[in-house]
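See below for the structure under consideration.
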Amino acid sequence: MNRSSITLLTAGFFVRDPRKVARSLLGKLLIRKTARGMLVGRIVETEAYLGADDAAAHSAAGKTARNAVLWGPPGHAYVYFIYGNHYCLNVSCLPDGAPGGVLFRAVEPLEGIEEMAAARGVEIRSAGDLKRISSGPGRMCEALAVTRDRDNGKNLVSSTSDLQIAEDGCRVKRVLVTPRVGITKSADQPLRYLIAGNSFVSR
DNA sequence: ATATCGATTATCT
DNA sequence: GATAATCGATATG
């Protein structure tokens, strides 16, 4: 990570098909600013959820109070609570008024690793323990202290936001595409994107 | 190593 | 009342 050349993504980055956004987000940075410093992870795994023709998307059944952010302006956080235990973070895609999003499934911890491990209750005794910090949507949210109350609807490409998506010039060599994880509807579609060979992806 | 299961609650039928 | 874009623990090979 080249710290001197970190730049925020623009809202325009997200005015595209979620499949394009999901693929393009690989290698980008997810940043949480805290009073104690920055938490930074490199995005290594995403899933696209299409507004239309995607039974697995939360937007499939229409706009509700829960999923309204998916219809809102691009580059905003859609956070939902699942299985009575976990939060999951998405970013809204497509122009204001059109539903669509990308789920963040895993990041590779880069900075603030001690803080993130502590938030997860993970003790770092070996290199392998690093992989348990943020390899999975629920784990990643816990590591970055992402919750619905705090972050749902937040602009992720605003310089004043404490949760941001940025880039540092990192180039991803090869991308793997597989079916999405944990869904029952439209489970066969290849809409999960991950950096080939990266060991910080989920399961 | 993989398989199965319980936790726990917002949301929708 | 059923389900869910998950995780961690436990059981078994």
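Residue numbers start from 1 in every chain, and the chains themselves are labelled A, B, ... in the order their sequence lines are given, proteins ahead of strands.
- A salt bridge is defined here as a Lys NZ or Arg NE, NH1 or NH2 lying under 4.0 Å from an Asp or Glu carboxylate O, and A:D54 with A:R19 fails to meet this definition.
- Using a 4.0 Å cut-off between charged nitrogen and carboxylate oxygen, A:D17 and A:K20 do not count as a salt-bridge pair.
- Between A:R139 and A:V122 there is no side-chain heavy-atom pair separated by less than 4.5 Å.
- A 4.5 Å side-chain heavy-atom check between A:Y49 and A:I183 finds at least one atom pair inside the cut-off.
- Side-chain contact between A:V79 and A:R150: absent, with no pair of heavy atoms (C-beta onward) separated by less than 4.5 Å.
- One finds the CG atom of A:N198 at 11.0 Å from the CG atom of A:L176 (value rounded to the nearest 0.5 Å).
- Between A:Y78 and A:H58, the angle of the ring planes goes over 60°, which puts this pair in the perpendicular group of the 30/60° scheme.
- Looking at heavy atoms from C-beta onward, A:V107 lies out of side-chain contact with A:R42 at the 4.5 angstrom threshold.
- The span of DNA chain C lying next to chain A, judged by atoms under 4.0 Å from heavy atoms, is bounded 5' to 3' by C:dA4 to C:dG8.
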Quiz item: Given pairs defined as Watson-Crick or G-U wobble with both distances under 3.5 Å, what dot-bracket annotation applies to DNA chain C, with ( ) intrastrand, [ ] crossing, | other strand and . unpaired?
Solution: ||||.|||||||.

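- Between A:I195 and A:V201 there is no side-chain heavy-atom pair separated by less than 4.5 Å.
- A donor-acceptor pair shorter than 3.5 Å can be found between the side chains of A:S202 and A:E45.
- Residues A:F14 and A:L25 are in side-chain contact: their nearest non-hydrogen atoms beyond the backbone lie under 4.5 Å apart.
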Exercise. Evaluate the criterion side-chain contact (heavy atoms from CB on, under 4.5 Å) for residue pair A:L50 and A:D53; output intermediate values, then yes/no.
Key: CA-CA 7 Å; A:L50 316 180; A:D53 302 321; 5.8 Å; no

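- Residues A:C88 and A:L103 have side chains in contact (heavy-atom distance under 4.5 Å, counting atoms from C-beta outward).
- In this structure, the separation between NE2 on A:H76 and CG on A:L163 is 12.0 Å, given to the nearest 0.5 Å.
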Practice problem: Might you work through the side-chain contact (heavy atoms from CB on, under 4.5 Å) test for A:F104 and A:I165, ending with a clear yes or no? | Solution: CA-CA 11 Å; A:F104 295 89; A:I165 306 172; 3.6 Å; yes

Quiz item: Can you give one letter per nucleotide of nucleotides 6-13 of chain B, 5' to 3': B if a protein heavy atom sits under 4.0 Å from the base, S if only from the sugar-phosphate, - if neither?
Solution: -BBBSSS-

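- Only A:R120, A:G136, A:P137, A:G138, A:R139, listed by number, bring a heavy atom of residues 115-140 of chain A to less than 4.0 angstrom from any atom of DNA chain C.
- Taking CG of A:L9 as the reference point, atom CD of A:Q164 lies at 10.0 Å (rounded to 0.5 Å).
- Atom CE of A:M116 and atom CD of A:E114 lie 10.0 Å apart (nearest 0.5 Å).
- Residues from residues 175-203 of chain A lying near DNA chain B, meaning a heavy-atom separation below 4.0 Å, are absent.
- Contacts with DNA chain B (heavy atom under 4.0 Å) in residues 15-29 of chain A: none are found.
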